[in-house]
Amino acid sequence: MMILTFEAGGERYGVDVSLVEEVVPRVALRRLPYASSAVVGLLDYRGEVVPVVDLGRLVDALTCEGRFSTRVILFGAYQDGRRIGLAAERVSELAQVSSVDLTTLASPVQRVGYLGPVARIDGQLVQLIDPSRLLVEVVIHGEQNEPAEATAAGME
């Protein structure tokens with residue numbers, strides 16, 4: 001399988017290139033109040049509103065910085081018919097990985113649905129991401145980190 005590699009939170013990650021719809025430059029995003037901190041905003045992509053997730057924030061690491069190599073990786077519509085974007089740094093390399101080079105992780109990590117197997121690419125370990133599970137994890141993550149004011153306001 002062909003893997004697109006990128007960085008988030010100072011670590012290397014990858015995604016099966018067949019799941020990628022397009023890679024676009026990071027532009028100004030519309031902020032989304034009361035969303036999970038992992039959702040950095042909304043992207044207007046060809047008239048469609050697409051939520052953009054910062055993987056660094058999702059894994060409680062460094063926020064994706066606005067570098068020249070920072071991009072939004074767009075993934076096609078999934079079960080709910082929506083696209084999702086992933087903000088990432090140093091989106092630039094493609095690597096061929098065989099199933100022999102993939103390692104499934106232990107059970108505590110398997111509970112995090114968007115984390116797939118680990119691949120060895122150029123002598124480094126690269127965590128693969130399952131983009132179909134990103135929004136599910138963001139919703140769960142967002143509920144755990146929802147501001148008290150927002151919860152109280154919603155109950156009135």
Side-chain angles (χ1 to χ4, degrees), residues 1-95 97 102 104-105 108-119 121 124-147 149-151 154:
M1 109 176 57
M2 187 67 71
I3 302 294
L4 174 66
T5 63
F6 55 92
E7 287 187 17
E11 298 289 336
R12 281 185 79 190
Y13 292 89
V15 66
D16 182 343
V17 76
S18 69
L19 302 174
V20 175
E21 184 173 323
E22 189 171 350
V23 177
V24 297
R26 174 135 182 211
V27 295
L29 302 172
R30 166 69 165 81
R31 198 172 72 80
L32 189 60
Y34 301 110
S36 163
S37 65
V39 178
V40 291
L42 300 173
L43 172 70
D44 182 358
Y45 175 71
R46 299 180 183 173
E48 181 180 347
V49 177
V50 178
V52 178
V53 173
D54 185 325
L55 185 60
R57 288 184 179 183
L58 189 59
V59 297
D60 293 326
L62 303 171
T63 298
C64 181
E65 295 188 30
R67 302 172 193 254
F68 183 70
S69 63
T70 301
R71 300 285 185 264
V72 174
I73 304 169
L74 290 169
F75 301 102
Y78 288 104
Q79 297 168 355
D80 63 357
R82 297 183 189 177
R83 286 183 174 80
I84 186 167
L86 181 67
E89 297 174 343
R90 295 181 181 91
V91 180
S92 60
E93 296 180 23
L94 291 174
V97 175
L102 298 176
T104 303
L105 300 174
V109 178
Q110 288 176 340
R111 287 189 302 230
V112 180
Y114 63 88
L115 294 178
V118 172
I121 299 174
Q124 292 185 332
L125 297 178
V126 177
Q127 177 75 58
L128 299 185
I129 300 299
D130 178 357
S132 69
R133 299 282 304 161
L134 276 174
L135 273 182
V136 172
E137 296 295 328
V138 168
V139 168
I140 292 168
H141 190 262
E143 288 173 354
Q144 293 171 351
N145 294 325
E146 189 174 352
E149 308 85 60
T151 305

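D54 and G56 make their closest contact through OD1-N, 2.8 Å (heavy atoms, listed as atom of the first residue, atom of the second, distance). Shown here for T5 and I121, the closest heavy-atom pair between the two residues is CG2-CD1, 4.0 Å. What you find for I73 and F6 is that their closest heavy atoms are CD1-CD2, 3.7 Å. Between V15 and P131, the shortest heavy-atom contact is CG2-CD, 3.9 Å. When all heavy atoms of E89 and T70 are compared, the closest pair comes out as CG-OG1, 3.8 Å. Here the closest heavy-atom approach between residue P51 and residue R83 is recorded as CD-O, 3.6 Å.
Here CZ of F75 is found 9.5 Å from CG of D130. Values are rounded to the nearest 0.5 Å. To the nearest 0.5 Å, the span separating CD on E7 from CG on L55 amounts to 11.5 Å. In this structure, the separation between CD on E11 and CG on L125 is 10.0 Å, given to the nearest 0.5 Å. Distance check, rounded to the nearest 0.5 Å: CE of M1 to CG of L19 gives 9.0 Å.
You'll find the side chain of L74 reaches within 4.5 Å of the side chain of L43, heavy atoms only. Counting heavy atoms from C-beta on, the side chains of V91 and L4 come closer than 4.5 Å. Contact of the I129 side chain with the L115 side chain is registered, since non-hydrogen atoms from C-beta on lie closer than 4.5 Å. Counting only heavy atoms from C-beta outward, the side chains of R26 and V40 approach each other to under 4.5 Å.
With Q127 contributing its side chain and G116 its backbone, the two residues share a donor-acceptor pair below 3.5 Å.
The existence of a salt bridge linking R46 and E22 is confirmed by a sub-4.0 Å separation between a basic side-chain nitrogen and an acidic carboxylate oxygen.
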